[in-house]
Amino acid sequence: MPDADSNAPSNFIKDIIDEDLKNNRNDGRVHTRFPPEPNGYLHIGHAKSICLNFGLASGYKGLCNLRFDDTNPCKEESEFVEAIKRDVQWLGFDWADREYFASDYFEKLCQYAVELIKLGKAYVCGLSAEEIREYRGSLTRPGRESPHRDRPVEENLDLFQRMRDGEFEEGTCLLRAKINMASPNINMRDPAIYRIIKTPHHRTGDKWRIYPMYDFAHCLSDSIEGITHSICTLEFEDHRPLYDWYLDELKVKCRPRQIEFARLNLSHTIMSKRKLMELVQEGLVSGWDDPRMPTLAGLRRRGFTPESIRDFCERIGVAKADSMVDVALLEHCLREDLNKRALRVMAVLRPLRVVIENYPEGKVEEMDAENNPEYPGAGARKVPFSRVVYIELDDFREDPPRNFFRLAPGREVRLKHAYYIKCEKVIKDERTGEVVELRCTYDPESRGGWTNDGRKVKGTSHWVSAGHSLEAEVRLYDHLFTSPNPDAEKAADYKTLLNPNSLNTLASCRVEPSLAGAVPGSHYQFLRQGYFCVDPDSSNGKLVFNRTVSLRDTWGKVEKKKN
RNA sequence: AGGGGCGUCGUCAAGCGGUAAGACUCAGGAUUUUGGAUCCUGCAUUCGGAGGUUCGAAUCCUCCCGCCCCUGCCA
């Protein structure tokens with residue numbers, strides 16, 4: 001049996017494919033497709049589908065097409081087509097030359113519609129939208145048949161042609177499938193096949209005035225492309241009978257099979273394209289690529305790697321039960337990846353000035369610093385050390401709590417890669433009482449951060465030399481929403497659930513000089529703090545970093561518990 | 001109420017009649033020149049519930065309960 005991805009876990013879809021292969025369906029071919037509608041940006045939920053479809057194809061040595069489902073010109077734009085291609089590519093998948101559009105098939109689809117009319121299985125209905133709704137019945141009551149349901153084929157053909165020619169106004173008539181108005185499945189109550197839309201299409205311009213509905217276009221597009229397994233989300237389960245009906249009635253050669261799986265829900269965020277669009281349009285975020293957004297563009301800008309997202313998609317599995325995945329898993333995948341690849345560097349986010357009184361004025365030493373302890377091949381660099389340095393405000397406490405082993409009056413701490421320093425004196429702002437500077441002494445014997453006299457210096461602080469460091473802006477991010485499941489909060493509008501502290505900009509951070517000229521998109525670990533990446537907002541003189549994700553912080557947890 | 005689905009640890013998720021994988025989270029501990037990383041250990045006597053079949057049931061049967069989706073000329 002042509003086995004799927006060896007390391008990827010199995011799932012019910014693979015079981016189905018295995019079974020199909022065993023029964024020699026589709027001559028042993030496996031051909032999938034990822035079919036986005038270009039009406040917004042791709043998000044992490046789409047990533048699940050992309051990984052699934054492309055992953056299945058490669059696992060079975062098959063193919064996966066990229067197909068834009070562009071059957072509604074009112075909502076779709078070329079900007080989204082370009083963004084989607086960029087994102088799929090970035091995620092690491094290649095559709096080669098199989099880039100298709102449902103709009104490529106408009107002529108063919110129209111012929112199929114004509115065919116259906118000739119078969120007596122479709123008719124032009126002149127009921128208004130409200131009438132159609134009324135005729136449809138309800139969940140419990142069957143619908144009623146349209147008075148136009150039994151129009152002769154010739155008349156339907158003529159009317160449909162005139163719809164196509166643009167003779168009728170929008171909403172005046174539509175082509176419907178003649179199925180069963182009493183079906184318990186509402187999708188089968190004579191669904192619309194073609195409607196009149198006079199808005200120009202982003203690809204075909206004003207060539208068409210009628211557009212096919214999703215159910216009609218999708219199954220036939222799949223068939224035209226030779227798709228064997230058409231994988232979609234759960235809400236289309238009810239549409240499967242219709243998917244099959246069109247293919248059966250039209251007796252197509254290629255019979256794809258639709259399989260539904262549960263879409264991804266991620267805690268502390270939302271996945272609805274409509275809502276994400278609203279956040280963008282109302283300026284609640286800076287754009288589709290705002291680093292707080294669950295969009296692939298946002299995650300990329302935030303500093304997520306494609307590898308970590310693919311790993312995540314593999315770990316969450318594929319099933320049919322509605323689920324809510326904890327964002328902590330995504331963050332775990334990210335840290336695991338970044339830990340291996342990010343260069344370590346020192347940056348002080350909230351600087352506290354430290355003067356080392358016994359260190360010679362004007363002296364500068366170049367300290368050796370490894371770039372990544374996880375990977376010696378990453379090499380080392382020199383970091384300048386001098387009499388005045390900055391340490392993290394948080395690494396000093398005038399009145400240290402229990403188990404705090406950082407700096408405090410009279411205490412000694414190690415400056416990573418440099419020396420032990422001891423706090424001799426605390427200088428405060430006379431008016432506010434705020435600590436503004438520390439006076440310390442260093443131990444010349446501790447160069448490199450170690451002595452062999454058995455001294456136990458447990459605390460290690462990162463630092464930068466005041467005179468050599470560069471100024472930088474650092475953007476700290478937190479969950480976009482305070483609620484773990486914004487969609488489930490029945491009482492509140494999701495916008496009121498936005499986290500007011502999801503962005504915290506620190507304008508006066510100091511970073512080590514080796515960061516000069518760091519390229520947008522590059523990843524670093526700011527020692528002891530987290531993973532950061534260079535934001536495209538950076539310019540020659542001004543570095544801007546995004547905190548991708550913090551490091552695990554066991555001390556922070558201990559402190560939080562106490563409070 | 002009609003139809004379609006789904007219910008296994010806090011969260012995902014294996015399991016397909018032979019006696020509950022794994023991951024994340026969480027809690028302990030070891031180790032550590034990042035309170036990082038790494039490494040150990042612990043965490044479902046029970047699978048929505050109740051009956052039944054069987055030597056044996058999360059897996060099969062019956063009934064019940066709960067959750068999700070469907071009445072766009074959206075996808």
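These figures come from a predicted structure and were not determined experimentally. Each chain gets a letter, A, B and so on, in the order its sequence line appears, and its residues count up from 1.
Evaluation of the side chain to side chain donor-acceptor pair (under 3.5 Å) rule for A:Thr233 yields A:Glu235 as partners, not counting sequence neighbours. A:Tyr105 meets the ring-ring contact (aromatic ring centres under 6.0 Å, His included) test with no other residue; sequence neighbours excluded. For the ring-ring contact (aromatic ring centres under 6.0 Å, His included) test, no residue two or more places apart in sequence or in another chain qualifies with A:His523. For A:Lys178, the salt bridge (Lys or Arg N to Asp or Glu O under 4.0 Å) test picks out A:Asp150, with sequence neighbours left out. Here A:Asp15 pairs with nothing under the salt bridge (Lys or Arg N to Asp or Glu O under 4.0 Å) rule; sequence neighbours left out. A:Trp450 pairs by the ring-ring contact (aromatic ring centres under 6.0 Å, His included) definition with nothing, not counting sequence neighbours. Contacts of A:Arg411 classified as salt bridge (Lys or Arg N to Asp or Glu O under 4.0 Å), with partners at least two apart in sequence or in another chain: none. For A:Arg209, there are no side chain to side chain donor-acceptor pair (under 3.5 Å) partners two or more places apart in sequence or in a different chain.
Taking every heavy atom of residues 264-274 of chain A and every atom of RNA chain B, no pair lies under 4.0 Å.
The nearest whole Å value for the distance from the CG atom in A:Leu242 to the C1' atom in B:rG4 is 14 Å. Atom-to-atom, CZ of A:Phe312 to C1' of B:rA13 comes out at 13 Å; the value is rounded to the nearest Å. Atom C1' of nucleotide B:rA13 and atom CZ of A:Phe261 are separated by 16 Å, given to the nearest angstrom. In this structure, CD1 of A:Ile316 is placed 15 Å from C1' of B:rA14, rounded to the nearest angstrom. Going from atom NZ of A:Lys560 over to atom P of B:rA27 covers 12 Å, rounded to whole Å. When the C1' atom of B:rC6 is taken as reference, atom CZ of A:Phe12 falls 11 Å away, rounded to whole Å. Rounded to a whole Å, the NZ atom of A:Lys320 is 18 Å from the C1' atom of B:rC12. A straight line from CG of A:Asn485 to P of B:rC12 spans 10 Å, rounded to a whole angstrom.
The P atoms of B:rC70 and B:rU59 are separated by 31 Å, rounded to the nearest whole Å. Using atom C1' as the reference point in both B:rC47 and B:rA14, the two lie 13 Å apart (nearest Å). When the C1' atom is used for both B:rG2 and B:rU45, the distance is 42 Å, rounded to whole Å. Comparing B:rU41 with B:rA50, their P atoms are spaced 35 Å from each other, to the whole Å. Distance check on atom C1': B:rC26 versus B:rU32 gives 23 Å, rounded to whole Å. Comparing the same atom, P, in B:rC16 and in B:rU31 gives a spacing of 42 Å after rounding to whole Å. Comparing B:rA44 with B:rA21, their P atoms sit 10 Å apart, to the nearest whole Å. Going from the P atom of B:rC40 to that of B:rG56 covers 40 Å, rounded to whole Å.
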Scan nucleotides 29-41 of chain B nucleotide by nucleotide, 5' to 3', and note B when protein non-hydrogen atoms come under 4.0 Å of the base, S if they reach only the sugar-phosphate, - if neither. ----BBBBS----
Sugar-phosphate means primed atoms, P, OP1 and OP2; the rest is base. With that split, encode nucleotides 68-75 of chain B 5' to 3' as B, S or - using protein heavy atoms under 4.0 Å. SBBBSBBB
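Pair assignment for B:rG22: B:rC12, on the basis of Watson-Crick or G-U wobble contacts that are both within less than 3.5 Å. If you check B:rU62 for Watson-Crick or wobble pairing at under 3.5 angstrom, you find it paired to B:rA50. As the counterpart of B:rC73, no nucleotide is assigned, since no Watson-Crick or G-U wobble pattern has both distances under 3.5 Å. A 3.5 Å limit on both hydrogen-bonding distances identifies no Watson-Crick or G-U partner for B:rA1. Across every strand in view, B:rU38 sits in a pair with B:rA30 that passes the Watson-Crick or G-U test at under 3.5 angstrom.
Enclosure of atom NZ in A:Lys320 by more than 12 non-hydrogen atoms of other residues, nucleotides or ligands within 6.0 angstrom is indicated. More than 12 heavy atoms of other residues, nucleotides or ligands lie within 6.0 Å of CD in A:Glu366, so this atom counts as buried by the packing criterion.
Distance alone, capped at 3.5 Å, is enough to place a donor-acceptor pair between the A:Glu131 side chain and the A:Ser128 backbone. A donor-acceptor pair under 3.5 Å is absent between the side-chain atoms of A:Arg350 and the main chain of A:Val348, judged by distance alone. At distances below 3.5 Å, at least one donor-acceptor pair connects side-chain atoms of A:Arg33 with backbone N or O atoms of A:Ile231.
Here A:Val345 lies out of heavy-atom contact (under 4.0 Å) with every strand.
Contact annotation: the side chain of A:Glu37 approaches that of A:Asn72 to within less than 4.5 Å [non-hydrogen atoms, C-beta and beyond]. By the 4.5 Å heavy-atom criterion applied to side chains, A:Phe545 and A:Val511 are counted as neighbours.
Under a 4.0 Å N-O distance rule, the pair A:Lys14/A:Asp18 does not qualify as a salt bridge.
Residues A:Lys557 and A:Ala321 both approach RNA chain B. Their nearest nucleotides, taken by heavy-atom distance, put A:Ala321 toward the 5′ side.
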Can you tabulate the close N/O pairs, meaning under 3.5 Å, that link protein atoms to atoms of nucleotides 46-48 of chain B?
none

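Taking the O4'-C1'-N9-C4 or O4'-C1'-N1-C2 dihedral as appropriate, B:rG28 has a value more than 90° from 0 and is therefore anti.
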